[in-house]
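In what follows, a structure is listed as structure tokens, so that the remarks can point back to it.
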Amino acid sequence: MKSKKNIYIIILLFLTLTTFIILGTYYYISSKQENLLNSIYNTTHINIVKTTQNLIKDKQNTTLAIALALAKNDSLYKFMQTQDYEKLDYKKISAEIKEHTKYKDVWIQIVDKNGKSIYRSWTDLKGDNLLFRKDLKNTLTNQNVSTSISVALFNLTLKARTPIFDYNNNFLGALEVITHFNSISKDLKENNIDCLVITDKKYRKILKYPYTNIFIDDYYIANKNANLDLVNYVKNNNVEKYINIPNFIVENGYLISNFILYDKNNEKLAYIINFMDLNNIDLQIVKSFKVQIIMVSVIALIIIFFSFLIYLYSSHLKEIKSQENKKQSILDSQSNIIVITNGEEIIDANKKLYDFFKDASNLEEFKKNYVCICNTFIDMDNEFYIIKKDYAGKNWAEYVLSNEDKNFKVAIKNSNDKITHFSLKASMINNENYIIATFTDITKEVEQIEKDKEKDRLLYQQSKIAAIADTLKNIAHQWRQPLSVISTIASGMKIQKELNSLNNEDFNNSCNIIIDNTQRLSNTIENFTNFFNKDDSIVRFSFVESIKNTINFFDSIFEKNSIKCIFTYDNDMILDCNKNDFSQAILNILDNSVYALIENKQEDERYIFIDFTNKILQIKDTGNGIDEKLLSKILEPYFTTKHQAFGVGLGLYVVQEFFVKNLAYKIDIKNVTFDYENKEYSGTNFIIDFN
């Protein structure tokens with residue numbers, strides 16, 4: 001009863017702690033998340049301000065560069081000296097700038113030394129006196145280069161002015177280049193920022209010819225490419241609210257940031273209201289923070305949970321026997337060999353260890369004979385077989401422990417001097433610097449794998465023998481016609497000889513025909529002998545030549561089954577591998593296409609297209625393709641769509657093994673539909689990428 005009461009108390013205590021941790025985590029995340037969001041939003045606002053400042057500065061510098069370049073012009077000096085202002089034409093330059101740069105509205109104005117506008121590239125308006133403009137008046141008075149941002153008759157613009165001097169250094173006036181905020185708005189958009197450039201309402205009366213003609217009450221929108229949805233949003237929510245934002249606000253899914261433009265007298269000139277979609281702000285740190293806190297809480301709960309379990313478990317064990325006896329009992333009850341070690345010597349083990357090593361009946365005897373179990377490991381010349389050596393500063397046990405995702409093995413000789421294979425896993429004992437190594441006997445599995453490999457090798461040989469047998473059948477078919485011709489001619493010559501009607505001309509013609517046909521027979525045997533050359537060495541050979549040889553080898557098969565094979569290529573390449581294996585792999589692909597064409601297509605629709613372009617080989621047929629559900633399995637061993645009499649499922653597996661595993665090239669198989677000679681076909685496309 002007392003034990004049950006203690007259990008209930010522990011459970012209640014655990015539930016209380018769990019509730020406290022969950023509630024504490026929730027309130028901590030809520031509080032910290034708000035601070036993190038404000039920090040991220042403030043950083044984003046600062047970046048937006050810096051970006052806006054840099055874009056304005058770049059635009060001013062570009063505007064000044066254009067002005068300086070245009071002011072150095074002989075024709076300009078001449079026309080101003082002769083007051084032949086009608087010949088001034090900068091519209092073409094503005095158009096070229098618009099065409100070749102991102103600045104689509106560059107205006108050019110010429111002002112004489114008295115402040116009178118004598119030319120404007122964007123309008124025919126001229127002759128008005130501009131000395132009311134302090135920035136322009138300063139340039140004319142001091143005859144210096146200057147830039148400014150100001151509101152004038154047409155728009156809020158960026159201006160650059162440079163004085164015009166002739167070759168005698170006579171002051172003629174000033175050239176002014178005027179640009180707008182459209183390209184700045186566009187650049188901000190490329191940074192995922194929508195903006196409204198809003199001119200202060202005190203300039204409403206100055207804007208006699210508003211360029212954009214977009215207003216929110218008395219506030220003029222200066223960027224022509226302004227988002228009209230945002231214009232209406234600001235208008236409906238009181239423009240004063242947004243131009244008076246001290247830094248930023250978060251509203252309607254946007255981070256809204258205010259950037260104020262001041263004139264040289266430090267008076268407010270305009271406001272650039274920037275809108276950044278919250279989806280474009282990287283909040284990964286907030287998500288990571290939440291995940292980390294939740295994970296810490298989960299880990300804490302797990303730790304607490306297991307702590308209670310361990311406590312309960314320990315209490316229960318104490319009622320039965322001491323913990324040490326229980327541990328040994330558990331170890332001895334395992335079916336695998338379990339060793340507790342530090343990697344250098346054995347600390348403890350279960351009974352299965354002594355059952356395997358017959359020369360030791362207890363731990364002391366084992367340590368006397370071997371010290372560490374690692375001294376019995378056999379080197380199998382395989383990276384997954386562990387041996388006693390230094391693994392980058394770690395011993396064997398530490399190395400296995402630090403690579404839990406890998407399937408390590410060891411090989412040990414038993415008392416009968418036979419190698420036994422074990423799967424090796426490692427774990428750490430809580431609060432101790434010891435490692436638990438578990439050895440699971442997998443000898444049967446390893447032997448089975450070796451048997452399967454031998455089976456694969458035999459089946460591979462069977463596949464090659466079957467291919468040779470098929471080829472021999474076709475060679476026999478190809479031999480029948482020449483042999484028949486030779487037999488017929490020889491018989492005819494014999495009859496003619498008996499009848500004394502064989503003249504020299506007929507005799508010579510018959511002999512020539514017999515020689516031609518025997519040559520065909522010889523060529524067929526030669527092709528067969530060369531193609532199945534048993535040379536296993538690695539050689540350098542021509543890709544195109546090898547493909548052509550394979551096609552020639554298939555000539556009799558193609559001819560017998562009315563298959564037309566078309567080979568095209570752009571360039572040749574040199575391969576460095578086993579030539580016979582390469583030819584065998586290509587033969588297997590062609591063999592599958594031949595089978596598909598014979599099974600699925602009439603004789604006048606049987607085509608195989610071999611194309612080698614940009615180092616990509618495509619072997620495409622018109623055999624109606626493969627069931628999409630089977631495409632992913634087509635390269636697996638023992639998988640075949642053919643009747644049992646035609647294949648064992650290793651043909652394309654051999655192709656996969658040779659090109660992918662041996663040569664590290666890429667293979668893909670697709671069903672395709674294509675046109676050839678104005679007729680649509682469907683089939684399988686086997687693709688090998690040699691890049």
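Since we're looking at a predicted model, the values are computed, not measured.
In this pair, Y242 and Y233 present their aromatic rings tilted. The plane angle is within the 30 to 60° band. Aromatic ring pairs are classed by plane angle as parallel below 30°, tilted from 30° to 60° and perpendicular above 60°; the pair Y676 and F609 is perpendicular.
At most 12 non-hydrogen atoms from other residues, nucleotides or ligands lie less than 6.0 angstrom from NZ of K50. Annotation for Y569: atom OH does not count as buried by contact number, only 12 or fewer foreign heavy atoms lying within 6.0 Å. The neighbour count for F305 CZ, taken as heavy atoms of other residues, nucleotides or ligands under 6.0 Å away, does not exceed 12. Around the NZ atom of K202, the shell of radius 6.0 Å holds more than 12 heavy atoms that belong to other residues, nucleotides or ligands. The neighbour count for K201 NZ, taken as heavy atoms of other residues, nucleotides or ligands under 6.0 Å away, does not exceed 12. N614 CG: 12 or fewer foreign heavy atoms inside a 6.0 Å radius. At most 12 heavy atoms of other shown residues, nucleotides or ligands fall within 6.0 angstrom of atom CD in E34. Within 6.0 Å of CZ in F306 there are 12 or fewer heavy atoms belonging to other residues, nucleotides or ligands.
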Would you please test Q60 and L64 for side chain to side chain contact (heavy atoms under 4.5 Å, CB included) and show each step? CA-CA 6 Å; Q60 282 182 310; L64 179 58; over 6 Å; no
Check against side chain to side chain contact (heavy atoms under 4.5 Å, CB included), S148 and K134: CA-CA 10 Å; S148 64; K134 294 181 180 179; over 6 Å; no
D263/N265 under side-chain hydrogen bond (donor to acceptor under 3.5 Å, both in side chains): CA gap, chis, key distance, verdict: CA-CA 5 Å; D263 61 16; N265 296 322; 4.6 Å; no
Check the pair N138 / N144 against side chain to side chain contact (heavy atoms under 4.5 Å, CB included), numbers first and verdict last. CA-CA 8 Å; N138 180 61; N144 60 354; 4.0 Å; yes
Checking side chain to side chain contact (heavy atoms under 4.5 Å, CB included) for the pair Q109/Y119: CA distance, chi angles, key distance, verdict? CA-CA 5 Å; Q109 177 172 235; Y119 175 81; over 6 Å; no
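How far CG of L172 is from CD of Q83: 10.5 Å, rounded to the nearest 0.5 Å. Distance check: L130 CG to D112 CG gives 9.5 Å after rounding to the nearest 0.5 Å. A distance of 10.0 Å separates CD1 in I40 from CD in Q284, rounded to the nearest 0.5 Å. Rounded to the nearest 0.5 angstrom, N192 CG and N279 CG are separated by 10.5 Å. Annotation: the span from I214 atom CD1 to N223 atom CG amounts to 7.5 Å, rounded to 0.5 Å. I164 contributes atom CD1, which lies 12.0 Å from atom NZ of K113 (distance to the nearest 0.5 angstrom).
Of all the heavy atoms in I260 and Y271, the pair that sits closest is CG1-CD2, 4.0 Å. Across every non-hydrogen atom of H45 and L255, the tightest pair is N-CD2, 4.1 Å. Counting all heavy atoms, side chain and backbone alike, A67 lies closest to A160 at CB-O, 3.8 Å. Here the closest non-hydrogen pair linking P163 and A71 is O-CB, 4.4 Å. Taking every heavy atom of both residues into account, L401 and A426 meet most closely at CD1-O, 3.7 Å. Contact detail for T199 and A222: the closest heavy-atom pair is OG1-CB, 4.1 Å.
Between I221 and Y219 there is no side-chain heavy-atom pair separated by less than 4.5 Å. D105 places a side-chain heavy atom less than 4.5 Å from the side chain of K224. With contacts defined as side-chain heavy-atom distances shorter than 4.5 Å, the pair F543/K615 does not qualify. By the 4.5 Å heavy-atom criterion applied to side chains, L269 and D200 are not counted as neighbours. Looking only at side-chain heavy atoms (C-beta outward), T62 and T179 stay at 4.5 Å or farther from each other. The closest side-chain heavy-atom distance from N274 to F248 is not below 4.5 Å. The shortest distance between side-chain heavy atoms of I178 and W122 falls below 4.5 Å. Taking the side chain as every heavy atom from C-beta outward, I687 and I616 approach each other to under 4.5 Å.
Between K59 and D187 no salt bridge is recorded (no basic side-chain N to carboxylate O distance below 4.0 Å). K116 has no carboxylate O lying under 4.0 Å from a charged side-chain N of D128, or vice versa, which leaves the two without a salt bridge. A salt bridge links D135 to R133: at least one charged side-chain nitrogen sits closer than 4.0 Å to a carboxylate oxygen. A salt bridge links K670 with D668; the closest basic N to acidic carboxylate O contact falls under 4.0 Å. For the pair E190 and K102, the salt-bridge criterion is not met [side-chain N within less than 4.0 Å of a carboxylate O]. Salt-bridge check for E86 with K126: passed, with a basic side-chain N closer than 4.0 Å to an acidic carboxylate O.
Ring pair Y665/F690: centre-to-centre distance below 6.0 Å. Between W107 and Y211, the distance separating the two ring centers is shorter than 6.0 angstrom. Remark: aromatic rings of Y254 and F275 are close, center separation under 6.0 Å.
Without hydrogens or angle criteria, T101 side chain to Y103 main chain gives a donor-acceptor distance under 3.5 Å. Panel note: side chain N258, backbone I243; a donor-acceptor pair is recorded below 3.5 Å. Here the side chain of N170 pairs no donor or acceptor atom with the backbone of D166 at under 3.5 angstrom. Of the possible polar contacts, none joining the K87 side chain to the F79 backbone as a donor-acceptor pair under 3.5 Å is found. Listed for the S94 side chain is a donor-acceptor partner under 3.5 Å among the backbone atoms of V106. Without hydrogens or angle criteria, N395 side chain to E398 main chain gives a donor-acceptor distance under 3.5 Å. With hydrogens and angles ignored, the 3.5 Å screen pairs no side-chain donor or acceptor of N155 with any backbone N or O of T157. Side chain of D572 to backbone of V544: a donor-acceptor contact under 3.5 angstrom is found. Checked by atom type and distance alone, the side chain of T52 pairs as donor or acceptor with a backbone atom of I48 at under 3.5 Å. Between the side chain of S185 and the backbone N or O of F181 there is no donor-acceptor pair closer than 3.5 Å.
At a cut-off of 3.5 Å, with distance as the only test, no side-chain donor of Q618 or D611 sits close to an acceptor on the other residue. No side-chain N or O of T51 forms a donor-acceptor pair with one of N191 less than 3.5 Å apart.
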